[in-house]
Structures are given as C-alpha cells and as structure tokens.
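Only one structure is covered here, and it is reproduced in the block below.
By convention in this document, chain letters (A, B, ...) are assigned in the order of the sequence lines, proteins followed by strands, and residues within each chain are numbered from 1.
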Amino acid sequence: MSGKKRYLVTAALPYANGPLHIGHLAGAYLPADIYVRYLRLMSKDVVFVCGSDEHGAAITVRARKEGVTPREIVDKYHALIRDTFEKIGIAFDIYHRTSEQLHHETSQDFFRKLLENNQFSEEVTEQYYDEVAGQFLADRYIIGTCPVCANPDAYGDQCEKCGSSLSPTDLISPRSTLSGSAPVKRPTKHWFLRLDRHENWLREWINTGVADGHQLHNPADWKNHVLGQCNSWLDQGLHPRAMTRDLDWGVDVPQEIPDSAGKKLYVWLDAPIGYISATKQWAIDHGKKWEPYWKADDTALIHFIGKDNIVFHCLIFPAILKAHGDFILPVNVPANQFVNLEGRKISTSKNWAVWVHEYVADFPGQEDALRYNMIKKMPEQGDSEFTWKGFQETTNNELVNNLANFVNRVLVLTNNYYGGFVPAVDANHEFKSGWDIDKTGVYDEELHILHEKLEALGSEIERFNFREALRILMEISAAGNALLQFNEPWKMVKVDPEQVKVVINLGLQFVAALSVACQPFMPFTSKRLRGLINLNALDETRGELLFILNDLAEGNPVLPTGHAIGAAEHLFSRIPDEVIAAQIAKLEATDTAAANTTTTNTPAATMYAPLAPTITYDDFAKLDIRTGTILTAEKMEKSKKLLRLNVDLGFETRTILSGIAEHFTPEDVVGRQVVVLANLAPRVMMGVESQGMILMAENAEGKLSFVRPEEGWGNGFGVK
RNA sequence: GGCGCGGUAGCUCAGCUGGUCAGAGCGUGCGAUUCAUAAUCGCAAGGUCGCGAGUUCAAGCCUCGCCCGCGCUACCA
C-alpha cells in the first residue's frame with residue numbers, strides 16, 4: 001500500500017447526453033468502486049468523487065434536435081446516470097454535477113488563478129460565425145459534407161458515419177445548424193494554456209515519477225499503455241491549447257476579464273475541475289475540509305478512466321494543477337482499455353451496446369452477476385470482449401455452481417448436523433486440507449492459508465489487478481468445495497464426528513471470510529451472504545477486512561464457536577438460455593432500423609441523418625455532375641484513406657483523390673463507372689491536386705457504394 | 001504515413017527486471033462423489049507463445065523487419 005494518509009479517488013465524469021453502457025462500467029467505474037470499497041474495508045481515509053459532465057456543444061445540439069432546453073437534457077441524463085450507478089452499486093461519496101453553482105465558481109477561480117500566474121497566451125483565431133444567428137459556431141454546430149466518406153451531415157468535429165475526426169474547416173460546403181446559412185470565418189480571441197512550457201517537467205514526472213525534486217510515484221506501477229500514450233504525445237511536442245470556446249452552454253469566463261463576453265471555459269478546464277467541486281460539496285455536506293484531499297502531500301490522488309482519457313488526465317490536467325500551484329499530482333492513472341460487445345466495438349450512435357439501466361431492469365437482483373462478469377473481462381491490459389453467452393457461462397458455472405453452491409452446502413450441513421450453530425472444534429484433529437488434496441489439514445494452518453489468500457487478494461487490488469484479485473476470491477470458494485469433497489462430512493459424520501466438526505467449522509470460516517472479501521466486487525452478494533450467516537452488513541467505516549486479517553493472522557476464527565447462522569438460501573440464480581437468446585435478439589434488433597422506435601435513449605436520428613436545410617433549384621444547378629469511368633487507381637503514398645484515381649470524363653481525364661482506400665482496393669475500382677462532382681474547386685492533398693469528387697452512397701454502417709449510371713452509359717454526360 | 005498498446009491452448013486471458021514461463025479459468029474427455037440449483041472434486045487434453053531474421057550459454061519475455069487488431073496523430077478531401 002502506498003503508505004499515504006488519505007486517498008482521493010476519481011472516476012471519469014460521464015457526459016450527460018446519454019445513458020451508461022457496460023463499457024463505461026468496466027472501463028472506469030467498477031475498478032474505481034472495487035478499489036475504494038477495498039480501501040474502506042482496510043480502514044483507509046478515502047473520498048470517492050464523480051459527477052455528470054453537463055456542458056458542451058453536443059448537449060445543446062441534442063437539445064435543439066429534441067426541441068428541449070439543454071437544462072432538460074442534462075437533468076434527464078444526470079438523474080438517469082446517478083440512479084444507474086446507485087442500482088449497480090457504485091458507491092460514490094458524492095455524485096456531483098458541473099452545472100452546479102459551486103462548480104462554476106470553482107472553475108472560474110481556477111481560471112483567474114491561471115491568468116494571474118501568467119499561464120495563458122491570448123490568441124485571435126478565425127472561427128466560423130453564423131451571421132444570421134449572430135454567434136460563433138462550436139464545431140458541433142457546423143455540419144457539412146464529410147471529406148472522408150461524403151456523408152452530407154458530418155459534424156465539424158467528427159463524422160458519425162465513418163468515425164473520422166474532423167475540424168470544421170475540413171467540411172465541404174459547411175452550414176450552420178442554427179440557421180442553415182453558410183457560416184463565415186471571423187476572428188475571435190481565446191485563452192491558450194501554455195502547455196509547451198510544461199513539457200519538460202511532465203516528461204520527467206511521467207517517466208521517473210520525480211517532480212520538483214520529489215519522488216511522487218514509481219512509473220513501474222503505471223500501466224504500459226498509459227506511459228506509452230503519454231510519451232507518444234510528449235515526443236510530438238506539446239502545444240498551447242485553447243481553454244476557452246465560443247459556446248452558449250457552459251461555465252462563463254469570469255466577466256471582469258476583458259473580452260470575456262460570450263466565452264465559456266472549454267472542457268479541459270471545466271470537467272476535471274468537476275472532481276474538485278465535487279470534493280468541496282462533499283466536504284460541505286459532511287462538515288469536513290476539502291483541501292487536504294487535493295493539496296496535502298500525504299494524499300494519494302488516483303484517477304480511474306478509460307484509455308480515451310489518458311493524455312487528458314496524465315498531461316493536461318496535471319499541467320493545469322501545476323500551473324495553479326497549490327495542488328498535488330495524481331499518484332496513478334490506471335486507465336483501462338475498451339470492451340467490445342459480441343465481436344464489435346460498442347457504439348452509442350449505432351446503438352450497439354448493453355445499457356446498464358436496461359440490465360438492472362431486465363435482471364433485478366442480479367446486479368452482481370454483471371459486476372462479476374465485467375470484472376472478469378475488465379480490459380486491464382488490452383481490449384476485451386463481452387458476450388451474452390460468456391455472461392451466462394460465468395454466472396452459471398462460477399457464481400451459481402461454485403460460489404453459491406459452496407455456501408449452500410456449508411449452511412445445509414451446519415443446520416443438519418449442528419442445529420445451525422458453529423460447532424466447537426478440537427483444533428488438533430486431523431483432516432484433509434481443502435487447499436491441497438495430498439496434504440493433511442490442521443485447523444490453524446488452514447486459517448493461516450486463508451489469511452494469505454486474503455492478503456494476496458488485497459495486494460492485487462492495490463496494484464489495480466482486479467481480475468487476478470477476483471480469481472483469488474474464487475480460489476477460496478473452490479478450496480471450500482474441495483474441503484467438503486475430500487473429507488466427505490456426510491459420510492464421516494457417522495465415522496468420525498469430531499473431524500466433521502472441524503471441517504464444517506472451517507467451511508463456515510471460509511464463508512465468513514468470503515462475505516467480507518467479496519464485498520468490493522459484489523456488494524449485494526456480500527450483504528446477502530452476511531445475512532445468511534447472521535452477521536450485520538459490513539460497515540465500511542470500520543475497516544472490517546483489516547479486523548479479519550488481524551484475527552486470522554493471530555489464528556483466531558472469524559465466526560466464534562456457538563454463533564447461530566440462518567437458513568440456507570441460494571445466492572445466485574441460473575440464467576436460462578431463453579433469457580440470453582432474448583438479450584441477443586434485443587441487441588440485434590436495436591442495431592437495425594428498429595433504432596428509430598426503440599425506447600432506449602439512443603438518438604433516433606442515427607439511422608438516417610437529418611434532412612439538410614431546403615435549397616433552391618438554383619443552388620442545385622450550381623453543381624456540375626458528370627458521368628465518368630475510372631481508368632487507373634493507386635494507393636496514395638503515406639495515406640491511409642486516399643486513392644489516387646484517373647477518371648475519364650469523355651472530354652478530359654481528371655486526377656481525383658478519393659477517401660475510399662479503407663473500403664476499396666485499387667483493383668476493385670478500376671473500370672468502374674462513376675458519378676463525379678466536376679466543378680468542385682480543386683484541392684491539394686498530400687501534395688497532389690484533386691480535381692473533383694467521386695459521389696458515393698453510404699449506409700448506416702458506414703459502408704460505401706458507388707453511384708453510377710446504367711451499364712454502358714457514356715462518359716462526360718451531365719447528371720440532373 | 002507517424003506514434004502507442006496488443007497478437008500466448010477451442011474460448012477468455014496471466015506470464016515481473018530473459019534461464020522450473022510454456023500457465024490459469026471456462027469448454028471438452030475420463031474417473032470419483034451425492035450434503036448441494038445434475039451442482040462438486042480429481043486426472044487428462046501436447047498451444048510453431050502473429051511471421052521472419054538477429055543478440056545471448058539461454059528469449060513469449062531483448063533488437064530489426066513484416067503481417068493483423070485497437071487507439072492517438074497527420075498537408076486528412
């Protein structure tokens with residue numbers, strides 16, 4: 001254990017424009033929850049904060065699309081996400097929200113402090129401006145034709161059809177979603193954090209753990225992919241990044257600052273400071289001080305995130321904290337990778353996901369089955385895979401057959417033979433060890449091994465190896481089953497009743513240990529299990545795992561002789577094939593056109609892009625579209641997406657670059673008849689001038705199809 | 001194209017600074033068993049550790065090249 005006096009654990013703030021899916025859970029929230037629950041059981045001082053990230057253009061875009069206010073969007077999803085966390089047992093000390101006044105004040109104070117510390121440069125850049133609506137346009141407010149896949153409704157930051165990340169200036173014929181007009185570029189001033197000035201110390205800190213001459217962490221404890229990603233960025237050089245935006249939904253740049261009108265803090269400064277605001281609110285609610293958790297050297301700050309957030313939490317936020325001056329740096333950022341679903345990437349926009357709020361509705365009382373499976377499949381080193389079949393198998397084979405069964409066996413035998421009381425034992429009586437079939441068991445030694453297992457489990461959690469920790473947990477259950485199997489109390493009860501007492505007593509100690517050790521992973525099961533053996537639910541403020549470890553270390557049993565247990569019950573229920581089939585069917589159904597009518601919170605518009613604003617015939621007539629034939633095709637050097645085509649337009653041959661290399665090989669396209677936008681302004685890409693654009697059709701999966709005239713149609717003819 | 005992380009038994013994955021590291025769980029086969037939601041326990045199955053070279057007394061573990069997956073990034077239409 002790090003030896004720190006207190007812990008501040010954060011989990012990535014969910015963006016309040018959609019529900020949670022299992023990838024979120026396995027990526028950040030479950031590992032954080034396990035870690036925190038473990039710390040509490042070990043009597044550590046820990047605060048676990050999270051909250052909804054409620055600002056940004058995506059929310060306003062969504063609000064406009066649904067005809068509601070941004071406030072209504074965030075209220076809806078904040079409530080949904082908060083309740084989902086509670087239902088699946090993620091035990092934050094506080095789940096805050098960035099729309100709270102306290103957060104606005106906190107982040108504004110941060111901005112002022114950075115300004116005071118001379119951490120910004122002010123720069124004027126050209127941004128798209130909507131003259132009709134009278135405001136600057138966030139990237140998400142601008143749509144236009146995607147340069148990669150020709151989707152006519154790509155956003156200024158990203159094309160949701162092909163997933164390309166874009167900038168507004170990439171879009172062909174951009175238009176404003178506010179008014180439908182074509183935006184114009186206008187100068188606007190923004191505050192840029194001088195990240196370049198932080199590059200050197202960040203590099204040292206990331207790679208050696210040393211900052212300002214102090215050893216703050218050991219890089220060997222950080223995950224490979226986290227270090228790799230950071231160094232990849234550092235090697236490319238850090239550049240000043242804008243900390244403000246022209247937005248209308250977010251935290252205002254403090255008004256006393258000149259030119260702040262209409263400016264909002266960008267997500268870099270808004271979201272991570274949400275961790276601090278949340279801690280402040282928690283302190284207010286509980287009569288505590290928040291500063292020690294963020295400013296004291298003996299606090300361990302740990303960020304649980306997904307891999308998409310690595311540089312944000314390992315470089316940018318630390319730079320902000322350092323630039324402020326008073327704050328500590330994270331001691332570790334154990335980012336997880338991604339979870340795939342049934343062989344495909346989880347996609348909110350394509351509705352390929354298992355939504356957690358739907359799971360808890362479909363599987364009431366089986367929250368821990370999902371938690372268990374997600375922990376088992378946690379993407380700790382590389383991407384992992386969730387399948388419904390796998391979920392069924394682990395639930396039935398491991399939770400039902402092994403864990404629940406072991407508990408049931410012990411309780412049934414105790415009730416049958418000893419009237420439900422923990423039997424007194426002769427600690428010197430021999431039996432067969434549950435840990436090793438060839439070993440003679442000794443009561444104290446069995447407890448000792450149990451102690452070792454619990455310590456090993458804890459040490460794996462401390463090192464963020466949650467899958468391994470879970471495996472050790474199940475090892476205890478398997479050893480318990482083996483203990484019964486080897487000693488056959490149902491036979492020996494007539495032959496050697498003293499031995500049976502030892503075996504059953506030991507079995508009960510295993511069950512009691514499991515009731516504590518399983519709590520970080522499966523809190524609902526812990527509570528249920530504690531009930532079965534007539535113990536109170538764990539009080540997380542009391543460090544009960546620590547007590548048990550101390551007891552076992554001294555050779556004392558967890559459950560005292562004579563303790564009365566309850567009736568045997570099953571902890572888990574088997575998941576039948578039909579239920580799994582239904583979930584798979586549901587997944588596949590929502591993946592298709594049914595997405596339009598589904599009750600999930602997935603945007604209905606994802607199947608079909610919204611219709612673009614109406615244009616006149618004159619607008620259309622500006623386009624000169626011609627038939628043509630691809631004569632030659634070759635892959636562009638150094639480009640992943642571009643094919644260089646020579647296209648016969650009848651009257652001339654054009655060189656056209658087309659972003660279809662990820663869909664078609666050169667051989668695929670040579671000889672194809674195509675339709676070409678012939679009067680598009682030429683554009684130089686990768687050093688080659690493209691003289692037109694090949695028109696493609698695209699479906700919801702982002703697959704492309706050539707648009708072409710009838711077989712044998714000539715080249716160079718107009719399309720109207 | 002550049003960079004990063006992965007590519008290990010049918011499946012899901014462990015393998016720290018190179019030398020019991022060729023492993024675990026599940027599935028499969030055989031055997032034992034009945035207290036238990038036909039659950040449990042034991043044994044077994046021989047996987048070129050992505051491909052090809054190299055360094056070393058010794059390489060999944062180091063180096064170089066290549067292939068595949070994912071991510072970030074690029075003069076990105």
Side-chain angles (χ1 to χ4, degrees), chain A residues 145-150 164-167 169-172 220 223-236 306-308 310-311 335 337-338 340 345 373 376-387 389-390 393-394 396-398 400-402 404-417 434 437-438 463 465 467-468 470-471 474-475 477-491 493 500 504 507 568-574 635-642 656-660 680-690 692-694:
Chain A
T145 301
C146 173
V148 178
C149 69
S164 307
S165 50
L166 307 170
S167 84
T169 48
D170 297 334
L171 295 174
I172 305 166
K223 298 191 183 193
N224 282 342
H225 66 270
V226 172
L227 296 173
Q229 181 89 41
C230 290
N231 281 317
S232 175
W233 264 60
L234 289 166
D235 291 346
Q236 289 176 34
K307 68 174 167 183
D308 52 332
I310 289 173
V311 295
Q337 307 225 16
F338 289 154
N340 292 315
K345 273 192 275 189
N373 191 260
K376 197 178 157 70
K377 297 291 176 63
M378 206 173 261
E380 292 176 335
Q381 308 300 334
D383 291 352
S384 70
E385 167 99 5
F386 176 92
T387 62
K389 195 88 182 72
E393 282 172 4
T394 54
N396 292 352
N397 295 333
E398 299 175 38
V400 176
N401 293 351
N402 198 309
N405 184 230
F406 165 60
V407 170
N408 188 249
R409 297 171 84 181
V410 173
L411 299 194
V412 165
L413 292 170
T414 303
N415 283 312
N416 286 351
Y417 300 157
I437 189 171
D438 297 321
R463 288 160 31 183
N465 295 330
R467 301 166 65 130
E468 177 63 12
L470 188 70
R471 194 192 61 74
M474 294 309 288
E475 224 174 65
S477 172
N481 273 317
L483 180 72
L484 298 180
Q485 209 60 39
F486 298 157
N487 292 291
E488 301 182 302
W490 47 92
K491 280 183 184 168
V493 71
V500 174
I504 297 302
E569 273 178 39
H570 294 295
L571 284 173
F572 293 97
S573 30
R574 196 170 289 284
K635 188 100 169 48
M636 276 288 284
E637 286 284 314
K638 297 186 176 184
S639 169
K640 196 159 37 178
K641 297 167 185 168
L642 291 179
I656 296 178
L657 304 186
S658 183
I660 57 176
L680 182 66
R683 171 132 184 183
V684 177
M685 289 178 282
M686 317 294 287
V688 175
E689 185 180 81
S690 179
M693 184 169 131
I694 308 287

Taking [Y]'s backbone N and O only, do any of them form a donor-acceptor pair with [X]'s side chain (distance below 3.5 Å, no angle check)?
{"X": "A:Asn481", "Y": "A:Asn402", "answer": "yes"}
{"X": "A:Asn340", "Y": "A:Glu385", "answer": "no"}
{"X": "A:Glu380", "Y": "A:Arg467", "answer": "yes"}
{"X": "A:Asn408", "Y": "A:His570", "answer": "no"}
{"X": "A:Thr394", "Y": "A:Asn373", "answer": "no"}

Can you tell me which nucleotide in [options] comes closest to the side chain of [X]?
{"X": "A:Phe338", "options": "B:G71, B:U12, B:A36", "result": "B:G71"}
{"X": "A:Leu413", "options": "B:U12, B:C70, B:C35", "result": "B:C35"}
{"X": "A:Glu393", "options": "B:C26, B:G71, B:C35", "result": "B:C26"}
{"X": "A:Gln337", "options": "B:A36, B:G25, B:C5", "result": "B:C5"}
{"X": "A:Asn402", "options": "B:G27, B:C41, B:C35", "result": "B:C41"}
{"X": "A:Ser232", "options": "B:C35, B:C3, B:C13", "result": "B:C3"}
{"X": "A:Lys376", "options": "B:G25, B:A36, B:C72", "result": "B:G25"}

Given that A:Gln485 and A:Met378 both sit by RNA chain B, which one's nearest nucleotide is further toward the 5' end?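 Counting from the 5' end, the first nearest nucleotide belongs to A:Met378.
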Taking for each residue the nucleotide of RNA chain B bearing the nearest heavy atom, is the 5' side occupied by A:Asp383 or by A:Glu398? A:Glu398
For [N], what is the paired nucleotide under Watson-Crick or G-U wobble rules, both distances under 3.5 Å?
{"N": "B:U20", "result": "none"}
{"N": "B:C76", "result": "none"}
{"N": "B:U40", "result": "B:A32"}
{"N": "B:C26", "result": "B:G10"}
{"N": "B:C5", "result": "B:G69"}
{"N": "B:U48", "result": "none"}
{"N": "B:U63", "result": "B:A53"}

What is the separation between atom [atom1] on [X] and atom [atom2] on [N], rounded to the nearest whole Å?
{"X": "A:Lys223", "N": "B:C70", "atom1": "NZ", "atom2": "P", "answer": "21 Å"}
{"X": "A:Asn487", "N": "B:A36", "atom1": "CG", "atom2": "C1'", "answer": "16 Å"}
{"X": "A:Asn401", "N": "B:C35", "atom1": "CG", "atom2": "P", "answer": "18 Å"}
{"X": "A:Leu484", "N": "B:G42", "atom1": "CG", "atom2": "P", "answer": "12 Å"}
{"X": "A:Trp490", "N": "B:U40", "atom1": "CH2", "atom2": "P", "answer": "13 Å"}
{"X": "A:Leu227", "N": "B:G4", "atom1": "CG", "atom2": "C1'", "answer": "11 Å"}
{"X": "A:Lys377", "N": "B:C11", "atom1": "NZ", "atom2": "P", "answer": "13 Å"}
{"X": "A:Lys491", "N": "B:U40", "atom1": "NZ", "atom2": "C1'", "answer": "13 Å"}

What's the base orientation of B:G60: syn (chi within 90° of 0) or anti?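 Syn.
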Does a side-chain heavy-atom distance below 4.5 Å link A:Phe406 with A:Leu484? yes
Whether the side chain of A:Asn405 and the base of B:A36 hold a donor-acceptor pair under 3.5 Å is what I'd like checked.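 Per atom types, the contact qualifies.
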Suppose you measure atom [atom1] in [N] against the same atom in [M]; what distance do you get, rounded to whole Å?
{"N": "B:A53", "M": "B:G4", "atom1": "P", "result": "25 Å"}
{"N": "B:G60", "M": "B:C21", "atom1": "P", "result": "13 Å"}
{"N": "B:A58", "M": "B:G19", "atom1": "C1'", "result": "6 Å"}
{"N": "B:U8", "M": "B:G18", "atom1": "P", "result": "22 Å"}
{"N": "B:C41", "M": "B:G46", "atom1": "P", "result": "24 Å"}
{"N": "B:A44", "M": "B:G23", "atom1": "P", "result": "12 Å"}
{"N": "B:C57", "M": "B:C62", "atom1": "C1'", "result": "16 Å"}
{"N": "B:U17", "M": "B:U63", "atom1": "P", "result": "12 Å"}

Does B:G4 have OP1 or OP2 under 4.0 Å away from a side-chain N or O of A:Lys307?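 A:Lys307 to B:G4 OP1/OP2: no side-chain N or O under 4.0 Å.
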Is the shortest side-chain N/O distance from A:Asn224 to OP1 or OP2 of B:G6 below 4.0 Å?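 Answer yes for this pair, as a side-chain N or O of A:Asn224 is under 4.0 Å from OP1 or OP2.
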Hey, does [X] reach any base, or is it just sugar-phosphate, or nothing, if we go heavy atoms under 4.0 Å?
{"X": "A:Ala568", "value": "nothing"}
{"X": "A:Phe406", "value": "nothing"}
{"X": "A:Val400", "value": "base"}
{"X": "A:Thr387", "value": "nothing"}
{"X": "A:Glu385", "value": "sugar-phosphate"}

Looking at residues at least two apart in the chain, or sitting in another chain, which of them share a salt bridge (Lys or Arg N to Asp or Glu O under 4.0 Å) with A:Lys345?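 Partners of A:Lys345 by the salt bridge (Lys or Arg N to Asp or Glu O under 4.0 Å) criterion come out as none, since no residue qualifies.
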Pairing of A:Lys376 and A:Glu398 as salt bridge, 4.0 angstrom limit: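 Looking at A:Glu398 together with A:Lys376, the answer is yes, because their closest N to O distance falls below 4.0 Å.
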CE of A:Met474 to CG of A:Asn397, rounded to nearest 0.5 Å, is 10.0 Å
